[in-house]
Enquirer: 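Below is one structure. I have some questions about it.
Note on naming: letters A, B, ... go to the chains in the order of the sequence lines (proteins, then strands), and numbering restarts at 1 for each one.
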Protein chains: 2
Amino acid sequence: MNEIFKALNDATRREILELLKQKDLTAGEIADAFNISKPSISHHLDILKRADLITSEKKGQFIIYSINTTIMEDVLQWILTFKK
Amino acid sequence: MNEIFKALNDATRREILELLKQKDLTAGEIADAFNISKPSISHHLDILKRADLITSEKKGQFIIYSINTTIMEDVLQWILTFKK
DNA sequence: TATATATTTAGACAAATATCTAAATACTTT
DNA sequence: AAAGTATTTAGATATTTGTCTAAATATATA
């Protein structure tokens, strides 16, 4: 839970999730969507991955990232405990 | 949204919400539940309040804090956009 | 095999954050 | 009014975080 909230606590990372919600993208395509260096985006992707919010798959020289919505279920359940 | 995720990105603050989920508490009662100084807890309460996750009401020399679950609805909706 | 492309790792740095102690503010009680 | 209790504000400090550039790794292509 800690890792998830940590990952979600950044506007850039939340935007990355919005992008991946629409379709899978390579690291480069994600980086192109922001005014931030590739290493920084790579770091954000790492944090999202550690939180299990995204997954990655190597395809040749590219790395394709996908969103993992099943983890969102955990957050959802946590939120719901407050909605009695 | 930024303020909400920022507020939720701390284990102590999430525990404060868990406590307030059960019943309203004074600042002192909340502080007593943690091994952290009162000023630090006061700071956490301030962050939760800025995010509108809690409200406060002065009662004599005490300040009573309550959870505001309506804000959780915003997070819920955000999460749900990923659960297509 | 040499060069180009895609991505990450390493290391540095400034800004943000969580914590503390000391002091200030506000209310209550004697 | 003075002293005690509840809470916050101020200021300091160590840690974490987001960002950068430079270098390393891995794959593709000429």
Enquirer: Mind jotting down which residue pairs meet the side chain to side chain donor-acceptor pair (under 3.5 Å) criterion with at least one end in residues 30-39 of chain A? Sequence neighbours excluded, please.
Expert: A:Ser37-A:Ser40
Enquirer: B:Ile16 has an atom CD1; how far is it from atom P of C:dT19, in whole Å?
Expert: 9 Å
Enquirer: For a quick test of reading the model: is some side-chain N or O of B:Tyr65 closer than 4.0 Å to OP1 or OP2 of D:dT8?
Expert: yes
Enquirer: Checking contacts here: which listed nucleotide (D:dA6, D:dT8, D:dG18) is nearest the side-chain heavy atoms of B:Gln61?
Expert: D:dA6
Enquirer: May I have the step-by-step check of side-chain contact (heavy atoms from CB on, under 4.5 Å) for A:Asn9 and B:Phe5, ending in yes or no?
Expert: CA-CA 5 Å; A:Asn9 183 34; B:Phe5 280 116; 4.2 Å; yes
Enquirer: What is the distance from NZ of A:Lys38 to C1' of C:dT5, rounded to the nearest Å?
Expert: 10 Å
Enquirer: By the 4.0 Å heavy-atom rule, please label B:His43 as base, sugar-phosphate, or nothing.
Expert: base
Enquirer: So what does A:Asp46 hit on the nucleic acid, given a heavy-atom distance under 4.0 Å: a base, only sugar-phosphate, or nothing?
Expert: nothing
Enquirer: On DNA chain C, does the nearest nucleotide to A:Ile41 precede the nearest nucleotide to B:Lys6 from the 5' side, or the other way round? Give the residue.
Expert: A:Ile41
Enquirer: Looking only at side-chain atoms of A:Ile36, point me to the closest of D:dT8, D:dC20, C:dA18.
Expert: D:dC20
Enquirer: Taking 4.0 Å as the cut-off, does a side-chain nitrogen or oxygen of A:Ser37 come that near to OP1 or OP2 on D:dT19?
Expert: no
Enquirer: Heavy-atom nearest nucleotide on DNA chain D for A:Pro39 versus A:Asn9: which residue maps closer to 5'?
Expert: A:Asn9
Enquirer: Any link between B:Phe34 and B:Phe62 through a network of hydrophobic side chains (Ile, Leu, Val, Met, Phe, Trp, Tyr) touching at under 4.5 Å?
Expert: no
Enquirer: Kindly say if A:Ser40 contacts the phosphate of D:dG18, meaning a side-chain N or O under 4.0 Å from OP1 or OP2.
Expert: no
Enquirer: In terms of hydrophobic clusters joined by side-chain contacts under 4.5 Å, are A:Ile47 and A:Ile30 together?
Expert: no
Enquirer: Would you mind telling me which of D:dT8, D:dG18, D:dT27 lies closest to the side-chain atoms of A:Lys58?
Expert: D:dT27
Enquirer: Name the closest nucleotide to the A:Thr12 side chain, picking from D:dT7, D:dT19, C:dA18.
Expert: D:dT19
Enquirer: At under 4.0 Å, does any side-chain N or O of A:Ser42 touch on OP1 or OP2 of C:dT7?
Expert: no
Enquirer: To the nearest Å, how far apart are B:Phe5 CZ and D:dG18 C1'?
Expert: 18 Å
Enquirer: Whole angstrom is fine here: how far is it from CG in A:Leu45 over to P in C:dA6?
Expert: 16 Å
Enquirer: Let me know the distance between CZ of A:Phe34 and P of D:dC20, rounded to the nearest Å.
Expert: 13 Å
Enquirer: B:Asp10 CG to D:dT16 P: how many Å, rounded?
Expert: 13 Å
Enquirer: Of the nucleotides C:dA18, D:dC20, D:dT8, which one has an atom closest to the side chain of B:Ile63?
Expert: D:dT8
Enquirer: Looking at B:His44, I'd like to know whether one of its side-chain N or O atoms comes within less than 4.0 Å of OP1 or OP2 on C:dT19.
Expert: yes
Enquirer: B:Lys59 near the nucleic acid: base, sugar-phosphate alone, or nothing, with a heavy-atom cut-off under 4.0 Å?
Expert: nothing
Enquirer: Given the rule that I, L, V, M, F, W and Y join up when any side-chain heavy atoms are under 4.5 Å apart, are A:Ile64 and A:Ile16 in one cluster?
Expert: no
Enquirer: Atom CD1 of B:Ile47 and atom P of D:dT8: how far apart are they, to the nearest Å?
Expert: 13 Å
Enquirer: Within this structure, what is the OG1-CG distance for the pair A:Thr12 and A:Leu45, rounded to the nearest 0.5 Å?
Expert: 11.0 Å
Enquirer: Within this structure, what is the CG-to-P distance between A:Asp32 and C:dT5, rounded to whole angstrom?
Expert: 14 Å
